[in-house]
Amino acid sequence: MSKIPHTIDYSKELNPAQLEAVYSIQGPHLVIAGAGSGKTRVLVYRVAYLVEKGINPEDILLLTFTRKASEEMLRRASLLLDSRCSRVSGGTFHSFANMILRKYARMVHLSNAFTILDRSDAEDTLNIIRAKLGYNKSERRFPRKGALLDIISKSVNKSENIERILYSEYPQFIEWSDEIKKIYEEYTQYKCSKSLLDYDDLLVYLKKLLSSYEDVRLYLARKYKYIMVDEYQDTNKLQAEITSLLASEHKNIMAVGDDSQSIYSFRGANFKNIIDFPKIFEGAKIITLEENYRSTQPILNLTNEIIYSAKEKFEKNLYTRKAGTQLPVYVEAEDEHAQSRYIAEKILGLREVGVELKDIAVLFRAGWHSNDLEIELASRNIPFVKYGGQKFVEAAHIKDVLSYLRIVYNVFDQVSWYRLLLLLPKIGPKTAETILDEVVSQKKGFGLEPSHKICQKSPQLLALFTLFRKVDGAALSPYDMLNLCVEHYHPLLKEKYDDFNKRINDLESLGRIASRYKSLEQFLTDMALEPPERSIIESGLKDRDDSHVCLSTIHSAKGLEWHTVFIIYVAEGHLPSYLCLEDNDAIEEERRLFYVAATRAKENLFLLKPHLDNSSRNYFNESASIFTQVSRFLDENDILTRFTDRENCAV
């Protein structure tokens with residue numbers, strides 16, 4: 001390695017821990033990068049340092065999770081040093097696998113002219129196989145193509161059998177275990193016969209190549225003498241095994257990540273990869289980045305305490321030199337709507353003192369948690385965009401249910417009739433047109449007789465007209481009408497959506513919103529308002545004067561930051577999710593999820609828990625309890641008393 005004078009003053013640009021990581025070249029290193037501690041900066045400067053030390057850029061391999069991340073790091077390194085950094089081998093695991101397999105395809109019985117299936121292609125292929133095997137005609141519930149691909153993909157990425165994936169994540173499909181395995185076998189054979197690879201196959205075949213052919217593994221190990229892996233806590237089992245095989249000779253690997261931000265197990269990410277790194281690479285040096293450049297110390301004190309109780313972790317204690325004494329604020333609201341009103345008032349107040357809307361975010365565990373808030377913000381003309389979950393009023397199942405009420409309000413609403421009719425069994429477009437002619441064109445409305453031949457086509461069609469005759473003219477509130485309509489819709493929901501259980505929460509939110517209205521007309525009018533996010537912001541024509549509040553699931557917020565962050569529904573059953581309450585590993589991931597959410601805040605952090613009334617109706621499970629306790633992650637170690645201020649939510 002040539003000794004060339006440094007053109008970059010690394011000691012001036014980096015703090016001591018960052019500098020140690022950049023200067024560490026030989027042997028295995030694990031960099032535990034706490035939230036906001038400059039992880040990307042370390043990787044950028046380390047690339048520049050390696051190149052500046054005279055290492056051939058082509059000998060350096062930088063593996064990231066998005067092409068954009070890799071390109072941005074190498075661009076910044078090039079600006080720091082020179083264009084040599086652009087020749088570093090950077091990319092995603094999948095792009096790297098594609099490049100290697102194109103060269104060595106025949107060794108793993110592939111054509112090097114293989115075609116890569118995107119998700120849509122893979123789903124369609126599975127659908128063809130599903131139909132060929134006759135499973136699409138089953139009278140019992142059989143998973144559709146999207147669910148099939150998710151099940152198979154998780155089995156591959158987690159290196160777990162189909163039964164285990166079904167048991168832990170898709171219990172409603174356990175009865176179809178043998179059939180799904182049969183589809184998986186047919187899918188694998190189909191791809192092989194057509195020289196097709198899906199995304200998961202790229203990793204599978206690369207691992208097979210490295211494991212089965214020692215000469216290839218040795219060649220690649222000698223070629224890529226220095227390996228860096230970003231976001232190591234998000235790697236799945238296959239990716240960790242590939243990394244280990246590539247670095248098994250020289251051991252010059254640096255994995256960078258934060259165990260406390262491992263939150264993507266639903267995608268196959270394996271928390272144990274980062275925890276076990278020192279065991280896999282014996283003698284690995286652990287470097288911890290603890291200086292935070294994002295948040296004030298009171299926020300960090302809270303987040304340090306949240307993660308302190310984690311069962312497995314690398315010890316770290318985040319600190320900052322940033323000024324700020326405002327404690328995180330804990331708010332107990334009377335109910336969900338009071339929570340929404342409080343947030344809206346706070347947002348308007350913050351805007352008055354100069355905080356821009358784009359510097360404010362509301363984070364939540366599940367997309368449906370923001371349903372009431374979206375309506376409240378829209379009613380106050382507060383612009384927002386939502387990430388990580390479908391916009392409430394645009395979700396198909398919400399539109400379905402609103403179609404019932406629109407027909408009740410206007411029996412000649414042809415668009416709503418058509419949408420609703422096509423949901424019903426044995427009703428296709430032609431039959432729907434015939435019914436529309438009777439109901440709308442001939443103006444029979446709800447007066448279509450049960451004995452009419454059209455009504456005999458589907459029991460649910462007959463039930464639909466019976467429902468409408470019952471509701472028509474009755475002195476019912478919008479809430480009561482909605483309840484009756486949802487009862488009819490329930491079997492259609494189960495038939496139409498594989499994830500119907502998740503959509504039930506949306507319908508319950510719709511019910512709570514409807515309960516605030518006395519007039520069906522006003523309810524439908526408010527629900528039909530143009531969503532504020534349907535603007536030039538969403539169409540991509542961004543204007544510097546445009547600003548909007550960000551509503552986001554916590555998963556989608558990772559890596560981002562805002563001046564002010566509201567975390568809503570910090571209650572048992574919501575955060576942590578009720579789906580995780582009997583699984584210790586899942587609870588630990590929920591803790592990390594809470595940690596990720598709280599560490600997004602720079603200046604202000606608000607934690608809100610609405611009082612949730614056990615008498616609230618649960619449409620499809622009358623015995624379901626609604627949790628009222630504050631999240632366990634705030635209840636332990638006297639966190640609320642020691643690290644937060646309490647505020648009255650009266651507005």
Side-chain angles (χ1 to χ4, degrees), residues 17-18 20-21 24 28-43 63-65 69 93 157-158 227-241 243-244 247 253-295 299-319 554-555 557-560 575-576 580 583-600 633 636-637:
Q18 292 173 334
E20 182 183 7
S24 298
H29 290 82
L30 176 61
V31 177
I32 300 298
S37 64
K39 167 184 70 68
T40 301
R41 189 176 184 83
V42 165
L43 286 167
L63 293 172
T64 61
F65 273 82
F93 277 93
N157 282 299
K158 292 187 173 185
I227 300 173
M228 287 178 278
V229 184
D230 187 23
E231 302 284 14
Y232 196 76
Q233 79 280 351
D234 294 335
T235 54
N236 61 39
K237 191 169 182 180
L238 272 173
Q239 289 163 332
E241 289 169 341
T243 303
S244 181
I253 178 171
M254 176 171 282
V256 181
D258 183 3
D259 55 301
S260 298
Q261 296 187 69
S262 178
I263 60 172
Y264 294 119
S265 65
F266 67 94
R267 293 181 188 167
N270 190 340
F271 174 68
K272 288 291 186 181
N273 288 348
I274 193 166
I275 293 294
D276 291 342
F277 185 91
K279 300 175 186 174
I280 295 167
F281 292 96
E282 292 183 9
K285 184 173 184 180
I286 300 173
I287 301 169
T288 307
L289 308 183
E290 296 177 295
E291 183 170 357
N292 178 284
Y293 294 91
R294 176 187 299 152
S295 308
I299 292 173
L300 295 179
N301 290 341
L302 174 75
T303 58
N304 284 335
E305 195 66 25
I306 288 170
I307 212 66
Y308 173 79
S309 298
K311 299 291 187 291
E312 278 190 286
K313 63 183 181 299
F314 290 102
E315 295 292 340
K316 59 180 172 295
N317 190 57
L318 299 184
Y319 68 92
I554 302 170
H555 286 103
K558 186 173 173 290
L560 303 176
L575 184 59
C580 304
D583 184 332
N584 290 334
D585 288 341
I587 284 291
E588 286 301 291
E589 181 158 328
E590 294 289 297
R591 178 189 300 281
R592 299 191 292 270
L593 200 61
F594 197 176
Y595 174 83
V596 166
T599 53
R600 301 309 96 195
F633 307 131
E636 59 195 8
N637 300 331

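Along the sequence shown, residues carry numbers from 1.
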Side chain of [X], backbone of [Y]: donor and acceptor closer than 3.5 Å?
X	Y	answer
K285	P28	no
R592	S262	yes
D583	A586	yes
R600	K558	no
S37	G34	yes
E290	N317	yes

Item to complete: From the options T288, I275, D258, select the one residue that forms a side-chain contact (heavy atoms from CB on, under 4.5 Å) with F314.
Response: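 One option only clears the test, and that one is I275.
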Discussion item. Testing V256, I287, I253, I274 one by one against L30 for a side-chain contact (heavy atoms from CB on, under 4.5 Å), which residue passes?
Written reply: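 Per the side-chain contact (heavy atoms from CB on, under 4.5 Å) rule, the option paired with L30 is I274, out of V256, I287, I253, I274.
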Find the distance between [atom1] ([X]) and [atom2] ([Y]) and round it off to the nearest 0.5 Å.
X	Y	atom1	atom2	result
L560	R294	CG	CZ	8.5 Å
I306	N301	CD1	CG	11.0 Å
E636	Y308	CD	OH	11.0 Å
L43	E231	CG	CD	9.0 Å
L593	I263	CG	CD1	5.0 Å

Of all heavy-atom pairs between [X] and [Y], which one has the smallest distance, and what is that distance?
X	Y	result
V596	S260	CG2-O, 4.3 Å
F633	R591	CZ-N, 3.4 Å
Y264	H555	OH-O, 2.8 Å
I307	Y595	CB-CD1, 3.8 Å
S295	L300	CB-CD2, 3.9 Å
A35	Q261	CA-NE2, 3.6 Å

Practice prompt. Using the side-chain contact (heavy atoms from CB on, under 4.5 Å) rule, take E590 and E588 through it: C-alpha gap first, then chi angles, then the decisive distance, then the call.
Written response: CA-CA 5 Å; E590 294 289 297; E588 286 301 291; over 6 Å; no
Fill in: Audit row: N270, N236, side chain to side chain donor-acceptor pair (under 3.5 Å) steps and yes/no
CA-CA 5 Å; N270 190 340; N236 61 39; over 6 Å; no
Worksheet entry | Side-chain heavy-atom pair E589, C580 within 4.5 angstrom cut-off |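 The answer is no; the side chains never approach within 4.5 Å.
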Worksheet item: With the threshold set at 4.0 Å, does a side-chain nitrogen-carboxylate oxygen contact exist between D585 and K272?
Response: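 Not counted as a salt bridge, because no side-chain N and carboxylate O are separated by less than 4.0 Å.
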Discussion item. Tell me whether D230 is salt-bridged to K39, with the criterion being a basic N under 4.0 Å from an acidic carboxylate O.
Written reply: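 The answer is yes: the pair qualifies as a salt bridge.
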Practice prompt. Kindly write out the residues that satisfy ring pair (Phe, Tyr, Trp, His ring centres under 6.0 Å) with F277, not counting sequence neighbours, or none if the list is empty.
Written response: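 If we apply the ring pair (Phe, Tyr, Trp, His ring centres under 6.0 Å) test to F277, skipping adjacent residues, the hits are Y232, F281.
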Worksheet entry | Flag if over 12 foreign heavy atoms under 6.0 Å of OH, Y293 |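 Enclosed.
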Discussion item. Checking L289 against I32 for the side-chain contact (heavy atoms from CB on, under 4.5 Å) test, could you report, in this order, the C-alpha distance in whole Å, the side-chain angles of both residues, the deciding distance, and whether it holds?
Written reply: CA-CA 6 Å; L289 308 183; I32 300 298; over 6 Å; no
Worksheet item: Where do T243 and F93 land on the side-chain contact (heavy atoms from CB on, under 4.5 Å) test, with the steps shown first?
Response: CA-CA 9 Å; T243 303; F93 277 93; 3.5 Å; yes
Item to complete: Please determine, by modelled atom types, if E20 and Q18 share a side-chain donor-acceptor pair under 3.5 angstrom.
Response: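 Result is no, nothing qualifies.
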Discussion item. Could you walk me through whether N273 and T235 satisfy the side chain to side chain donor-acceptor pair (under 3.5 Å) test, starting with their C-alpha distance in whole Å, then the side-chain angles of each, then the deciding distance to 0.1 Å, before giving a yes or no?
Written reply: CA-CA 7 Å; N273 288 348; T235 54; 3.0 Å; yes
